[in-house]
Peer 1: 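Mind having a look at this structure? Questions to follow.
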Amino acid sequence: MALTPKKELSREEKLAKRDAAEQEALLREVDDAVRQGDTEEFFTKYGKPLLAVLILGLVGFGGYLFWDSRQEQAMEADSEVLVGALDQVEAGNLQTGYDQLEALAGEDRGGASAVAGLMRAGIAAEQDRPDEAARLFAAVAANESAPQALRDLAKLREVATRYDSLSSGEVIAQLKPLAVPGNPFFASAGELVAHAYMDQGKNAEAGALFAQIAKADDAPEGLRSRARQMAGVLGVDAIEDVDALLEEQGVDTQAADGEAAAQIQ
């Protein structure tokens with residue numbers, strides 16, 4: 001197939017095409033100049049504030065890293081103190097452990113200080129110094145920067161240490177907020193409150209509380225057993241499933257049923 005010959009542009013068409021290309025190049029240069037001018041104007045107007053924000057951000061981030069590092073170092077130091085004191089206690093050096101904890105317990109270091117205070121109070125109680133132990137427990141309970149769980153534990157231990165010197169009303173008032181199902185210290189606090197109710201002659205309230213403790217699955221078995229017996233003494237049935245209880249105590253229910261039937265015959 002024959003190729004169609006390429007049409008030659010006239011002189012006027014060539015000039016027009018050249019003018020159009022030159023005009024397009026000129027417009028592109030103007031547009032680039034305008035954009036360059038806008039950029040320069042932007043950085044002239046906002047460059048320094050942006051640089052200041054960037055510097056402040058870097059300084060703040062660096063400060064956070066420094067603070068975090070110091071916090072980590074402080075926690076490691078606190079842990080070393082607590083572990084060292086615990087080692088002394090386990091070795092039988094109670095007074096050495098007590099003395100090692102004094103500085104940390106006296107600082108406002110949140111949980112670490114609260115744990116140190118509880119340990120010192122426990123050592124004082126072990127050394128038969130109940131008044132000092134109660135004072136140290138009370139200090140932890142009153143420490144608003146300490147975790148609530150540790151404060152509650154300190155309050156429970158304080159009341160238990162001072163139980164004989166407190167009136168039944170004081171025991172109930174201080175521990176009743178903890179003696180509710182669902183609280184981590186419900187069983188221990190509830191047992192003391194129930195005995196305080198008995199001292200006041202409120203056997204119905206005491207029996208009901210003992211029964212609740214006996215049915216608390218998360219309570220220590222020894223405490224549940226005591227509560228079950230006390231509830232029974234007060235005329236409250238605290239046993240939901242007799243067979244399950246006997247099985248839990250290692251009693252062969254089938255053998256027991258067989259013996260009972262034999263006795264009846």
Peer 1: Would a 4.5 Å heavy-atom cut-off, applied to side chains only, mark Leu192 and Ile172 as touching?
Peer 2: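 With C-beta onward as the side chain, the pair stays apart.
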
Peer 1: Taking all atoms of both residues into account, what is the closest heavy-atom pair of Ala227 and Ala214, and its distance?
Peer 2: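 What the structure gives for the nearest pair is CB-N, 3.9 Å.
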
Peer 1: Can you tell me how far the OH atom of Tyr197 sits from the NZ atom of Lys176, to the nearest 0.5 Å?
Peer 2: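 Answer rounded to 0.5 Å: 4.0 Å.
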
Peer 1: Around Glu126, counting heavy atoms of other residues, nucleotides and ligands shown, do more than 12 lie under 6.0 Å from its CD?
Peer 2: no

Peer 1: So do the side chains of His195 and Phe210 get within less than 4.5 Å of each other, counting heavy atoms only?
Peer 2: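 Contact flag for His195/Phe210 side chains = yes.
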
Peer 1: Going by heavy atoms in the side chains, are Leu156 and Ser188 under 4.5 Å from each other?
Peer 2: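 Leu156 vs Ser188: side chains touch.
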
Peer 1: So, taking the atom named CG in Leu175 and the one named CD in Glu158, what distance separates them when rounded to the nearest 0.5 Å?
Peer 2: 9.0 Å

Peer 1: What's the spacing between Asp108 CG and Asn143 CG if we round to 0.5 Å?
Peer 2: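 So the gap between those two atoms works out to 6.0 Å.
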
Peer 1: Counting N and O atoms only, with roles assigned by atom type, does the side chain of Arg224 sit under 3.5 Å from a partner on the main chain of Ala216, one being a donor and the other an acceptor?
Peer 2: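 At least one qualifying donor-acceptor pair exists.
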
Peer 1: Is the backbone N or O of Glu221 less than 3.5 Å from a side-chain atom of Ser225, with the two atoms forming a donor-acceptor pair by type?
Peer 2: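 Not at all, since once roles are kept as given, no pair shorter than 3.5 Å links the two residues.
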
Peer 1: Of the non-hydrogen atoms in Val193 and Val171, which two are nearest, and what is the gap between them?
Peer 2: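 Nearest heavy atoms, Val193 then Val171: CG2-O, 4.5 Å.
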
Peer 1: Output, in order, the C-alpha distance, side-chain angles, deciding distance and verdict of side chain to side chain contact (heavy atoms under 4.5 Å, CB included) for Phe137 and Leu118.
Peer 2: CA-CA 6 Å; Phe137 281 130; Leu118 286 170; 3.8 Å; yes

Peer 1: Are the side chains of Val140 and Val115 in contact, using a 4.5 Å heavy-atom criterion?
Peer 2: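 Side chain of Val115 against side chain of Val140, heavy atoms only: no contact under 4.5 Å found.
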
Peer 1: Working to the nearest 0.5 Å, report the span between CG of Leu178 and CG of Asn183.
Peer 2: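 Separation between the atoms: 5.0 Å.
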
Peer 1: State the OG-CG distance between Ser79 and Leu86, to the nearest 0.5 angstrom.
Peer 2: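 Reported value, rounded in 0.5 Å steps: 12.0 Å.
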
Peer 1: State, to 0.1 Å, how close Ala154 and Ala141 come at their nearest heavy-atom pair, and which atoms those are.
Peer 2: CB-N, 3.7 Å

Peer 1: How close do Thr161 and Arg157 get, heavy atom to heavy atom, and via which atoms?
Peer 2: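 It is OG1-O, 2.7 Å.
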
Peer 1: Using side-chain heavy atoms (C-beta onward) and a distance below 4.5 Å, is Met119 in contact with Tyr98?
Peer 2: no

Peer 1: Determine yes or no for a side-chain-to-main-chain donor-acceptor pair under 3.5 angstrom, with Ser168 supplying the side chain and Asp199 the backbone.
Peer 2: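 No, Ser168 side chain to Asp199 backbone: no donor-acceptor pair under 3.5 Å.
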
Peer 1: When clusters are formed by joining ILVMFWY residues with side-chain heavy atoms under 4.5 Å apart, either directly or through shared neighbours, do Leu223 and Val236 land in the same one?
Peer 2: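 No; tracing contacts between hydrophobic side chains, which count when under 4.5 Å, never links both residues.
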
Peer 1: Is any side-chain heavy atom of Asp131 less than 4.5 Å from a side-chain heavy atom of Arg135?
Peer 2: no

Peer 1: I need the Gln148 CD to Leu153 CG distance, nearest 0.5 Å.
Peer 2: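 Rounded to the nearest 0.5 Å, the CD-CG separation comes to 11.5 Å.
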
Peer 1: Check whether any side-chain heavy atom of Met198 lies under 4.5 Å from a side-chain heavy atom of Lys202, and answer yes or no.
Peer 2: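 Side-chain contact under 4.5 Å: no.
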
Peer 1: Donor-acceptor pair, distance only, cut-off 3.5 Å: does the side chain of Glu90 make one with the backbone of Asp87?
Peer 2: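 Checking the backbone N and O of Asp87 against the side chain of Glu90, no donor-acceptor pair under 3.5 Å is found.
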
Peer 1: Is the backbone of Gln88 close enough, under 3.5 Å, to the side chain of Thr96 for a donor and an acceptor to pair up by distance?
Peer 2: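 No.
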
Peer 1: Can you tell me if Glu144 has over 12 outside heavy atoms packed within less than 6.0 Å of its CD?
Peer 2: no

Peer 1: Is there a side-chain contact between Phe186 and Leu209, using heavy atoms and a 4.5 Å cut-off?
Peer 2: yes

Peer 1: Side chain of Ser165, backbone of Arg162: donor and acceptor closer than 3.5 Å?
Peer 2: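 At least one qualifying donor-acceptor pair exists.
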
